[in-house]
Enquirer: 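Have a look at this one before I ask anything.
All chains are named by letter (A, B, ...) in the order of the sequence lines, taking the proteins before the strands, and each is independently numbered beginning at 1.
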2 protein chains.
Amino acid sequence: MRRLSAAGLALAAGVMALGPASAPELEAKPVTVADLLAGSPAADWRAPNPDDTLYLELAHGRVVIELATRVAPQHAGNIKALARAHYFDGLAIIRVQDNYVVQWEDETHRRPLPPSVRPSVEFTADASAAARFEALPDRDLYARQVGFLDGFPAGRDPHTHSVWLAHCYGMVGAGRDDPAESTGAEMYAVIGNAPRQLDRNVALVGRVLKGMELLSTLPRGSGEMGFYVAAEPPVPIKSMRVASDVPAPERTPIEVLRTDSATFRSVLDQRRERHESWFKYNPGAIDLCNVPLPVRTPGGS
Amino acid sequence: MRRLSAAGLALAAGVMALGPASAPELEAKPVTVADLLAGSPAADWRAPNPDDTLYLELAHGRVVIELATRVAPQHAGNIKALARAHYFDGLAIIRVQDNYVVQWEDETHRRPLPPSVRPSVEFTADASAAARFEALPDRDLYARQVGFLDGFPAGRDPHTHSVWLAHCYGMVGAGRDDPAESTGAEMYAVIGNAPRQLDRNVALVGRVLKGMELLSTLPRGSGEMGFYVAAEPPVPIKSMRVASDVPAPERTPIEVLRTDSATFRSVLDQRRERHESWFKYNPGAIDLCNVPLPVRTPGGS
């Protein structure tokens with residue numbers, strides 16, 4: 001009986017990453033996200049382009065990041081150039097603030113940037129990107145419309161025809177000063193409740209597909225705003241690589257549920273209206289950042 | 001310059017717990033939460049009642065939890081009775097699911113419950129509690145109204161006159177099976193994006209005031225739904241105590257900003273409308289679970 005309690009809570013979870021789905025129950029109507037994923041056709045999944053995928057290698061494992069090349073093409077190009085110049089290798093995590101962000105960059109400012117790296121402002125994208133936006137019917141506090149763009153959570157303004165990525169858990173952004181330009185040499189990942197007030201204020205450059213727990217469990221920094229202080233043991237970055245530069249056998253096999261698939265629509269329906277008997281009150285709504293974005297590692301860890 | 005970048009991000013953070021505020025800048029208009037807190041009168045802070053405060057003692061430190069006695073009086077009473085019967089002492093964290101919850105309970109079901117512990121359903125409270133609700137002007141996806149009740153984030157339905165606590169980061173709830181009753185012997189804390197779909201489906205019993213990072217950094221369980229498996233090192237619970245049962249010198253000095261204070265209203269205004277030059281786009285809104293609920297430890301760690 002107690003396990004049911006856990007199951008009840010689990011059904012409500014924001015599934016960030018899923019391993020191979022468990023065997024589907026033989027039921028007339030699938031009622032869990034796991035059921036839906038287990039019954040999904042292969043065509044509902046996509047393999048991210050390895051040329052737009054980063055491997056952030058930490059001592060305790062690999063964080064897989066998919067780059068958002070449509071909204072932040074300059075940043076994506078910069079970050080790949082930086083990775084290929086080994087810019088990030090041997091740097092360290094410099095900040096972990098609870099319920100907020102993990103941040104990494106060269107605090108010494110000594111490392112040269114490759115010549116192709118140019119600062120830019122990529123907070124929003126224009127109508128051509130907005131045309132590919134998949135709108136949700138759900139309301140939002142921070143955007144007139146919310147939905148998905150190339151699989152990333154996003155907002156859109158139908159009046160200005162602009163579109164932008166949303167600061168949900170696991171999203172990766174480019175830290176910046178004031179003025180607004182950034183290069184991608186300073187990076188952060190969201191590890192807490194969605195800080196949506198940052199939307200349209202920072203360039204989001206991608207999202208963590210796998211290995212999120214390697215970032216979210218890092219010791220919080222004891223300095224102001226979660227910065228690590230000298231007395232704290234460093235969390236070194238072994239390397240950051242573009243997946244396509246890594247020999248194929250060493251790559252992480254990964255598939256992402258397509259947000260334009262029938263399976264994803266079923267997942268959304270299942271999560272918006274909760275018909276499981278455990279739910280005594282049906283929320284009838286879903287927040288953009290509570291939508292599960294399933295990832296699986298076929299045949300992998 | 002790079003530090004400004006960090007500062008910009010920090011200004012936007014959901015401040016969960018603050019140490020002693022840094023010295024205020026001499027400015028005509030305070031622009032940061034730290035400024036507002038540093039300039040706040042003592043009367044804007046309250047010391048939680050030690051008889052409604054729990055100390056969850058882990059090997060790596062103390063988690064301080066304030067009980068929500070108005071919305072969940074039976075659960076609060078149960079949990080205090082359980083703590084006083086040493087029910088939780090020597091149990092362990094059984095589940096840590098990334099972006100969701102940490103959970104602890106007696107998985108063996110062997111420990112007897114004290115006779116005063118009775119199961120109950122405390123998902124919502126009635127009009128007398130609702131009358132103490134402090135409404136925010138902000139919209140919400142999951143509730144008709146949102147605001148605060150005794151300092152806890154809450155929702156209210158003006159038609160039914162019911163009020164309930166909201167599943168924000170750091171909130172603590174009572175796990176349950178199906179049917180809906182729970183005792184508080186199974187507990188969880190939210191460590192991810194607010195799972196608001198659980199609102200009115202589980203009894204929330206309090207929130208973590210201090211030590212949240214002791215829970216949020218725990219290794220994620222490798223079992224389904226984040227359950228720890230046998231091969232994983234246990235995370236024992238040394239004890240759970242009611243603060244008033246702990247000798248005064250061993251208590252954690254703690255103060256919480258009153259949500260009915262002028263300082264809190266200023267914090268809300270500052271966070272809803274972002275006038276700092278770093279912000280290029282003013283969100284003009286705030287999500288209930290992004291409202292900072294400042295806590296300080298006067299003279300303490």
Enquirer: Look up atom CG in B:Leu82 and atom NE2 in B:His75, then write down how far apart they are to the nearest 0.5 Å.
Expert: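 Separation between the atoms: 10.5 Å.
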Enquirer: Just grab all the disulfide bond (SG atoms under 2.5 Å apart) pairs involving residues 175-205 of chain B, residues at least two apart or on different chains.
Expert: none
Enquirer: Among the options B:Pro219, B:Ser277, B:Cys168, pick out the one with the most heavy-atom pairs lying under 4.5 Å from chain A.
Expert: B:Ser277
Enquirer: Go through B:Asp140, B:Val96, B:Asn201, B:Ile191 and name the one with the most non-hydrogen pairs under 4.5 angstrom from chain A.
Expert: B:Asn201
Enquirer: Quick check on A:Ile94 against chain B: is it the side chain, the backbone, both or neither that has a heavy atom closer than 4.5 Å?
Expert: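 Contact with chain B involves no heavy atom of A:Ile94 at all.
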Enquirer: What pair of heavy atoms forms the shortest contact from B:Val71 to B:Glu122, and how long is it?
Expert: O-CB, 3.7 Å
Enquirer: Within this structure, what is the CD-OH distance for the pair B:Gln103 and B:Tyr228, rounded to the nearest 0.5 Å?
Expert: 12.0 Å
Enquirer: What is the minimum heavy-atom distance between A:Val202 and A:Arg176, and which atoms define it?
Expert: CA-NE, 4.5 Å
Enquirer: If we define contacts as heavy-atom pairs under 4.5 Å, which of B:Arg200, B:Glu213, B:Arg196, B:Arg220 has the most with chain A?
Expert: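 Option with the greatest count: B:Arg200.
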Enquirer: Relative to chain B, which of A:Gly226, A:Ser182, A:Ala285, A:Gly284 shows the most heavy atom pairs under 4.5 Å?
Expert: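 If we count pairs closer than 4.5 Å to chain B, A:Ala285 comes out on top.
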Enquirer: As an exercise: rank B:Val121, B:Ile286, B:Thr217, B:Asp199 by heavy-atom pairs under 4.5 Å with chain A and give me the winner.
Expert: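 Option with the greatest count: B:Thr217.
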Enquirer: Considering non-hydrogen atoms only, spot the tightest contact between A:Glu105 and A:Leu91 and give its length.
Expert: C-CD1, 3.8 Å
Enquirer: Check whether A:Asp138 gets within reach of chain B through its side chain, its backbone, both or neither, counting any heavy atom under 4.5 Å.
Expert: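 Neither part; nothing is under 4.5 Å.
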